[in-house]
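All remarks here apply to the structure that follows.
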Amino acid sequence: MTQVPPYPTQLAGSSSLLAKYLTKDIFDKLCDKTTANGYTLAHAINSGVQNPDSGIGVYAADEESYDVFAALFDPIIYKYHGHAKEDKHQSDLNSVNLKAPNPDPTGKYILSTRIRVARNLRGVPLGTAIDKDQRDKIARDISAVLCGFTGELSGTYYSLSNMSEADRLSLVGDHFLFKAGDRYLESAGLNRHWPHGRGIFHNTDKTFLVWINEEDQLRIISMQSGGDIARVFERLATAIDMLSTKVQFAYSDHLGYITSCPTNLGTAMRASVHIRLPNLSKKSQELEAIAQIYHLQIRGIHGEHSSCQDGVYDISNKRRLGITEVRCVQDMHDGVVALIKREQELAL
Ligand code: ADP
Ligand code: CIR
């Protein structure tokens, strides 16, 4: 008989969505449930239990996790994305529908623009439950597909196992590569067998990059200096189209692209700028208010959970599910236009 874990009392002081929605009743309802990949409630909540400072605190192992643990995941998804159980997701990667002239043509505020999507393969467990052979196979198969790309997207695959420490640190420092040792991912089981099966593909200019087997099996990234958001989106859409002709991704009509963290469901897209806002940085309530109106998330520029330095922020769309990719980027664009306008007013 499987042993049922006790209710995690460590959540008492946490403000995560896990702590908010994992009542004793929900816990009792879900604590003996398991998905076909052997994923239990204890696995799904471990990150939030071990890291009480989590914002969310849960991870999935497969599309089935979102059904089996729906009593916990549904309210989290609704709170984060405003997407209800009966809602459907929609996709639109057509750059013609995006109205995003460069908000900063003189380059005074926007340092760089980056848009990424997460993808996972249909029928393969997510990184939280994948085994070593399955992970290695993804790295082999996907890098082979990417190495067949031509033109602007042609590039090289670099495995993390063979990379020198100096090269790795330089790629991380320049914002191209994921960091090692994230404690939220660690306790979600996403760092198992590190660094095996992990790697990065990129073109010569490092404007098109694909992370393999980090938080999601693929993170497809388009980025460049400055604020030409439309160009970055167009490049990403082309790359996604090309990959989609070779690989089948996990997708549902309700949840869109299936990802290990529920915040990434749907478009799985985060469109961001690194932007200098020295005056607004002294008025954090105003900054937060604009972010809320335009559905923006504010991060520091050294990745998630990093803090702001010298008035430079990572500003991105917060919503990803139940809205299209074009809408995600439009949220970010329109919010950035508003932030720059206010920054200019404050400078007068
Ligand atoms: P993700 O975008 O995959 O959710 P992170 O917030 O951890 O994850 O960011 C990953 C890396 O991408 C970090 O090094 C971060 O600084 C970099 N990055 C994010 N947005 C931009 C941007 N607009 N310009 C340059 N680098 C960026
Ligand atoms: C957390 O719960 O804080 C981490 N597991 C990361 C959640 C996703 N990131 C985010 O919403 N900023």
Side-chain angles (χ1 to χ4, degrees), residues 11 14-21 44-60 76-77 79-81 104 109-119 128 168-190 200 202 206-207 209-211 214-216 218-229 232-233 236 259-265 267-276 291 295-309 312-321 328-329 332-333 336:
L11 291 177
S14 167
S15 56
S16 66
L17 295 187
L18 167 66
K20 185 176 170 72
Y21 294 114
I45 67 174
N46 194 50
S47 190
V49 172
Q50 300 300 327
N51 300 286
D53 62 340
S54 293
I56 314 297
V58 293
Y59 287 88
I76 290 178
I77 290 168
K79 179 75 182 168
Y80 187 89
H81 298 279
D104 179 31
Y109 305 97
I110 301 179
L111 306 175
S112 51
T113 303
R114 173 182 184 265
I115 311 180
R116 61 83 166 155
V117 293
R119 290 289 184 271
T128 42
R168 189 184 72 78
L169 289 174
S170 150
L171 284 169
V172 172
D174 292 340
H175 307 285
F176 296 123
L177 180 62
F178 45 83
K179 293 186 203 165
D182 180 291
R183 66 186 157 90
Y184 303 87
L185 301 188
E186 175 69 31
S187 40
L190 281 156
I200 181 171
H202 64 76
K206 302 196 187 84
T207 54
L209 310 95
V210 181
W211 293 357
E214 196 240 8
E215 178 176 328
D216 290 289
L218 276 76
R219 287 283 173 101
I220 309 168
I221 301 161
S222 169
M223 64 196 284
Q224 67 189 52
S225 301
D228 192 348
I229 297 170
V232 173
F233 182 70
L236 180 70
T259 54
S260 59
C261 176
T263 64
N264 281 320
L265 287 166
T267 57
M269 174 172 277
R270 198 171 82 86
S272 63
V273 289
H274 280 183
I275 183 167
R276 207 181 277 121
H295 309 287
L296 302 176
Q297 187 177 62
I298 305 171
R299 298 182 178 183
I301 61 157
H302 292 289
E304 188 163 22
H305 304 111
S306 67
S307 51
C308 160
Q309 287 169 354
V312 183
Y313 294 91
D314 174 321
I315 302 287
S316 64
N317 62 300
K318 181 167 188 271
R319 307 185 292 177
R320 313 189 216 288
L321 173 59
C328 290
V329 181
M332 187 274 272
H333 173 271
V336 166

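Start at 1 and go down the list; that is how both ligands and their atoms are numbered.
Between Y59 and ligand 2, at least one pair of N/O atoms sits closer than 3.5 Å. At a 3.5 angstrom cut-off on N or O pairs, I56 counts as close to ligand 2. Considering backbone and side-chain atoms together, S47 places no N or O closer than 3.5 Å to any N or O of ligand 2. When only interatomic distances are considered, the shortest N/O to N/O separation between D314 and ligand 1 falls below 3.5 Å. Between I301 and ligand 1, an N or O atom pair is found at a separation short of 3.5 Å. Annotation: R270 places an N or O atom under 3.5 Å from an N or O atom of ligand 1; distance criterion only.
Scanning H274, R299, R219, E215 for the heavy atom closest to atom 21 (C) of ligand 1 points to H274.
Heavy-atom contacts of T113 reach the following atoms of ligand 1: 23 (N) (cutoff under 4.0 Å). For ligand 1 and M223, the ligand atoms under 4.0 Å from any heavy atom of the residue are 25 (C), 26 (N).
Atom 7 (O) of ligand 1 has E304 N, 3.1 Å as its closest protein atom, hydrogens excluded (heavy atom only). Counting only heavy atoms of the protein, atom 4 (O) of ligand 1 lies nearest to R116 NH2, 2.7 Å. Atom 10 (C) of ligand 1 has as its closest protein heavy atom W211 CH2, 3.5 Å. In this structure, atom 20 (N) of ligand 1 lies nearest to the protein heavy atom S272 OG, 2.7 Å. From the protein, the heavy atom lying nearest to atom 18 (N) of ligand 1 is R114 CD, 3.4 Å. Here the heavy atom of the protein found nearest to atom 6 (C) of ligand 2 is E304 OE2, 3.7 Å. If you check which protein heavy atom lies closest to atom 25 (C) of ligand 1, you get S112 OG, 3.1 Å. What sits closest to atom 3 (O) of ligand 2 on the protein, heavy atoms only, is G55 N, 2.7 Å.
Here T263 has side-chain heavy atoms under 4.0 Å from ligand 2, and that is the only part of it that gets that close. At a heavy-atom distance under 4.0 Å, no atom of A188 approaches ligand 2.
Looking at I56 and L18, their side chains never come closer than 4.5 Å, going by heavy atoms from C-beta outward. Within the 4.5 Å cutoff, no side-chain heavy atoms of K206 are placed close to those of Q224. The shortest side-chain heavy-atom distance between T263 and Q297 does not fall under the 4.5 Å cut-off.
In this structure, D314 pairs ionically with R270, as a charged nitrogen and a carboxylate oxygen lie closer than 4.0 Å.
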